[in-house]
Amino acid sequence: MRSSRRTGTVGAIAIAVALLASACGGGSGDGPTVTIGSTNFGEQLILGEIYAQALEAEGYTVERRFNLGQRDIVAPALRDGEIDLMVEYTGSLLAYEGGEPSPDSDATYASLVAALEPQELTALDYAPAQDKNGLVVTAETAQALGLATVSDLAAHNGTLVLGGPPECPERPLCLPGYEGVYGLEFADFRPLDVGGPLTVEALTGGDIDVALLFTSDGVIAARGFVLLEDDMGLQPAENIVPVLRQEVIDAHGQDLVDLINRVSALITTAELSELNKRYGIDAVDADVLAREWLQANGFLG
């Protein structure tokens, strides 16, 4: 699973008020209001806005309940019908539901669909975009050493310094995984932070050669870093996936599902990194980013 950065504290009273309000929304002439929830970080706000605006453009009535907190708060709200749609991550949600994600996107998705079905929740088509752990190098390092995949690093065993979370040497999907699956041998490991500014600055400044970051992190686009392909499949799949209550699908029909699936099909990891960069670094509002993305992809005029 990904290293945890999806945490936050929201007051219980504020959450209760927000969820109560979501239950009071009226329906449109063609069906009930679709209430979209989100957890509490920028990527979730952007994705929530993309799906919300796409639905609104086709005449659906949408209620936004964003920044509700972490998965332990939002997942029960979805199950209980306090929100109707949530943008999730296949591997992390499957693990939350007690399953075992794998690097295979299709297999992880199939297991997730099966885990959600008894709860009357439906995972719609997953997007190409993934937000998971990945190894990153500077563009200069990639060009000088001919790096495009994680496997390429093996040709430089014993010469490169890896930087990442302090717990990386003990995590199966971090240093032990790269050593065992890829046969990598780093000259040294520098304990820094969890995909944060210490790691970014160490990579930019040349204190480390390889960094563990999140694959959709906006800093990858901002700094022109090269995300190395996990070509031997160490990391579990973490595709973006909208999860919708079956009751809402029954009320609105296949057109709703088809619209959401068309949106998902066009969201790539590189685009998500660029959107995150513009939100987190350039300070562009999530609703503006969503509108521009939907216009560029033909969903808005």
Side-chain angles (χ1 to χ4, degrees), residues 1 6 19 22-23 25 27-28 30-39 43-44 46-66 68 70-102 104-132 236-267 272 290 294 299:
M1 293 177 61
R6 312 312 190 194
L19 294 177
S22 75
S28 68
D30 296 324
T33 296
V34 180
T35 302
I36 302 177
S38 86
T39 60
E43 181 173 291
Q44 281 273 296
I46 297 166
L47 291 168
E49 275 292 341
I50 285 176
Y51 288 103
Q53 291 184 34
L55 290 173
E56 288 172 333
E58 293 297 321
Y60 295 94
T61 301
V62 173
E63 187 81 16
R64 292 163 175 78
R65 294 298 170 203
F66 295 167
L68 292 175
Q70 52 193 321
R71 181 174 288 111
D72 288 344
I73 295 169
V74 183
L78 183 63
R79 286 197 303 267
D80 295 342
E82 294 161 331
I83 59 175
D84 301 312
L85 189 155
M86 172 68 194
V87 181
E88 265 289 359
Y89 305 86
T90 53
S92 290
L93 183 57
L94 177 58
Y96 177 82
E97 296 291 343
E100 290 289 338
S102 78
D104 186 307
S105 290
D106 287 341
T108 298
Y109 173 74
S111 296
L112 179 62
V113 169
L116 294 177
E117 186 176 9
Q119 305 175 55
E120 298 188 354
L121 299 175
T122 299
L124 303 188
D125 291 354
Y126 64 80
Q130 298 199 51
D131 181 358
K132 59 182 181 178
E238 291 287 3
N239 295 85
I240 303 299
V241 61
V243 178
L244 190 60
R245 291 197 307 119
Q246 184 61 44
E247 181 179 341
V248 175
I249 296 175
D250 294 341
H252 286 285
Q254 190 62 33
D255 286 348
L256 174 69
V257 171
D258 291 343
L259 173 59
I260 294 173
N261 286 342
R262 289 199 303 273
V263 172
S264 298
L266 299 177
I267 304 175
L272 193 53
L294 289 165
F299 292 98

Practice item. Evaluate the side chain to side chain contact (heavy atoms under 4.5 Å, CB included) criterion for residues Arg71 and Leu93: first the C-alpha distance (whole Å), next the side-chain angles of each, then the deciding distance (0.1 Å), finally the verdict. Key: CA-CA 9 Å; Arg71 181 174 288 111; Leu93 183 57; 4.2 Å; yes

Review point. Are the side chains of Ser105 and Gln130 in touch, meaning some heavy atoms are under 4.5 Å apart?
Key: yes

**Study point:** Leu121 side, atom CG; Ile249 side, atom CD1 - distance, nearest 0.5 Å
**Key:** 9.5 Å

Practice item. Please examine the side chains of Tyr89 and Ile240, heavy atoms only from C-beta on, and report whether any two atoms are closer than 4.5 Å. Key: yes

Point to revise | CA sep, side-chain torsions, deciding dist, call: Leu94, Tyr109, side chain to side chain contact (heavy atoms under 4.5 Å, CB included) | key: CA-CA 8 Å; Leu94 177 58; Tyr109 173 74; over 6 Å; no

Exercise for review: Hey, could you give me the CG/NE2 distance between Asp84 and His252, rounded to the nearest 0.5 Å?
Suggested key: 8.0 Å

**Study point:** Closest non-hydrogen atom pair, Ala127 against Ser264
**Key:** CB-O, 3.1 Å

Review point. What distance separates Leu266 CG from Asn261 CG, expressed to the nearest 0.5 Å?
Key: 11.0 Å

Study note, to complete from the structure: Heavy-atom nearest pair, Ala107 first then Asp104, reads N-OD1, 2.8 Å

**Study point:** Reported CD1-to-CG distance for the pair Ile73 and Leu78, which is rounded to 0.5 angstrom
**Key:** 14.0 Å

**Study point:** For the student: nearest non-hydrogen atoms of Glu97 and Leu116, plus distance
**Key:** OE2-CD2, 4.0 Å

**Study point:** Passing candidate, side-chain hydrogen bond (donor to acceptor under 3.5 Å, both in side chains) with Thr39, options Glu88, Gln70, Gln44
**Key:** Gln44

**Study point:** Pro128 versus Ile267, closest heavy-atom pair with distance
**Key:** CD-O, 3.2 Å

Review point. Would you call Phe66 and Glu49 a side-chain contact if the rule is heavy atoms closer than 4.5 Å?
Key: yes

**Study point:** Candidate pair Tyr126 and Val113, rule side chain to side chain contact (heavy atoms under 4.5 Å, CB included), full reasoning
**Key:** CA-CA 11 Å; Tyr126 64 80; Val113 169; over 6 Å; no

Check your understanding: Would one find more than 12 heavy atoms of other residues, nucleotides or ligands at under 6.0 Å from atom CD of Gln246?
Key -> yes

Review point. Out of curiosity, Asp125 CG to Arg262 CZ, how far, rounded to the nearest 0.5 Å?
Key: 11.5 Å

Review point. Quick one: CD1 on Ile46 to CG on Leu272, what's the gap to the nearest 0.5 Å?
Key: 7.0 Å

**Study point:** Lys132 to Pro236 - nearest heavy-atom pair and separation
**Key:** CD-O, 3.3 Å

Point to revise | Under 3.5 Å donor-acceptor, Tyr51 side chain and Val263 backbone | key: no

Study note, to complete from the structure: Between Ala52 and Arg64, the two heavy atoms sitting closest are CB-NH2, 3.6 Å

Check your understanding: So, do Leu256 and Leu55 sit near enough that their side-chain heavy atoms are less than 4.5 Å apart?
Key -> yes

Check your understanding: Got a sec: does the CD of Gln119 have more than 12 other heavy atoms crowding it under 6.0 Å?
Key -> yes

Point to revise | Neighbour count above 12 (heavy atom, 6.0 Å) for Glu56 CD | key: yes

Review point. Do the side chains of Thr122 and Val257 get nearer than 4.5 Å, heavy atoms only?
Key: no

